[in-house]
Amino acid sequence: MPRFPDSIAVPGHVVEILRQLEAAGYETWCVGGAIRDALLGNSHHPPQDVDLATAAPPAVVRQLFRRTIPIGIEHGTVGVLDDEGALHEVTTFRRDVRTDGRHAVVEFGVELEEDLARRDFTVNAMAFHPIRNSWCDPFGGLEDLQNKRLRAVGDPAQRFHEDRLRILRALRFAARFDFTIDAPTWAAATSQAADTSHLSAERVRDEWIKGIATARSVRQLATLWARSGVAAIWLPELRLEAPPDDLLTSRDPVLVTAHFAAPSAPVWRRFKGSTAEVRRSEGIDRGPAAPPSDEPRAVRRWMAETGAAADDLATLAAWRGAGEAAWLEAMAGVRRRQEATSRAKLQINGTELMQAGIASGPRVGLVLSALLDAVLDDPSLNARDQLLARARDMP
Ligand code: ATP
Ligand code: MG
């Protein structure tokens, strides 16, 4: 039989809030992800954002504490600020009375166990009482945690039907903790994967980004998205033949997505990503992925062609295992020597060309392009007087 530790470290401010709620006559527990994480033991310091679940109705929570913020009042969540200004979430025990697969309508006045029963996975449905040092684990969360198993609370098909986001959460938690998804939970997730099409793009995007940030191996996360059938709906560009991701030097979501999906701009458009995310991934998709040779001149021309995407493309090339490619070295040299690879880096600009009487109108752009062309071949030409002389000689 798995055994709970005698206690886990809970920040003093959280215990103080819990103590006040109980002094007012309302049972209160520490719940959710922080409890799971403390039991997993991979955090060495006490968790900071321990969520509290309480029998106190939201209005009472708001009266009991000096400074509160109604975070999600219709769902019973009140933010309580401690005397250092840190926010702690206090949520009234609740039951879901109606869902349409996305939005829950909740009802208060229930017991802790019922509140735990509406949570998604057994490892997320445990509660700890830091004053009595007691535990509440009605669904076998501890055992699943020790067996590295992700299992829905209750009937998985029903739970996923209530809220399709739980399917994506399952994939994220499995990849984050390297857990196996329990067979009935997996079967329900795969059979309802197509229904994730009803989720909003923003929620799916958030899950993908959180998943990228927290997965032990993003390839594992991507594999789960593919095998569950979620990728067929939301990420059909996913390619699992991408090289292993132990070379990933960052979890930048645009880069990681481009590492696993080509083209990647359609992904960010589908996800309703920011203009910056869409633009960046368009630059990556446009490429070319690498210069045709590692000659500095070819590398500079490629940098001029790819523009703002050059650094992203270089990072992606390194992740593909081209870490020793000579052109990456050559590119670093171009940057180090601050050689011009765009018109903006020329030692002369259009206004100056016009003031010198050399060009006006559309010709300004043509002259600048020709100057850049020369500088890409020979960086030593990038000096104001030389550029002016050259511009004067142009037909
Ligand atoms: P993370 O470390 O990602 O924050 P977490 O477990 O704290 O993990 P949250 O999204 O912060 O996840 O949610 C807090 C808790 O609320 C969860 O542990 C779970 O008990 C419950 N919960 C969150 N989202 C859902 C959902 N869609 N369906 C059911 N329960 C949920
Ligand atoms: Mg959380």
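First listed ligand is number 1; within each ligand, the first listed atom is number 1.
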### Message
Assess the residue pair Asn382 and Leu387 against the criterion (side chain to side chain contact (heavy atoms under 4.5 Å, CB included)); give the C-alpha distance rounded to whole Å, side-chain angles, the decisive distance to 0.1 Å, and a yes or no.
### Response
CA-CA 7 Å; Asn382 192 15; Leu387 294 174; 3.4 Å; yes

### Message
Is the distance between the ring centroids of Trp225 and Trp208 under 6.0 Å?
### Response
yes

#### Entry: Under 4.0 Å from ligand 1, counting heavy atoms only: the protein residues, by chain and number
Gly32, Gly33, Arg36, Arg118, Arg119, Asp120, Asn124, Asp163, Arg166, Arg169, Arg172, Phe173, Arg176

### Query
In terms of ring plane angle, is the pair Trp135 and Phe128 parallel, tilted or perpendicular, where the classes change at 30° and 60°?
tilted

Scan the side chains in residues 354-374 for donor-acceptor partners under 3.5 Å anywhere in the protein, sequence neighbours excluded, and list what turns up.
{"residue": "Arg363", "atom": "NH1", "partner": "Pro395", "partner atom": "O", "Å": "3.1"}
{"residue": "Ser369", "atom": "OG", "partner": "Arg343", "partner atom": "NH1", "Å": "3.0"}
{"residue": "Ser369", "atom": "OG", "partner": "Gly365", "partner atom": "O", "Å": "3.1"}
{"residue": "Asp373", "atom": "OD1", "partner": "Arg301", "partner atom": "NH1", "Å": "2.9"}
{"residue": "Asp373", "atom": "OD1", "partner": "Arg301", "partner atom": "NH2", "Å": "3.1"}

### Query
With under 30° as parallel and over 60° as perpendicular, where do the rings of His13 and His88 fit, or are they tilted in between?
tilted

### Query
If you look at every heavy atom in Glu277 and Val254, which pair is closest and at what distance?
CG-CG2, 3.9 Å

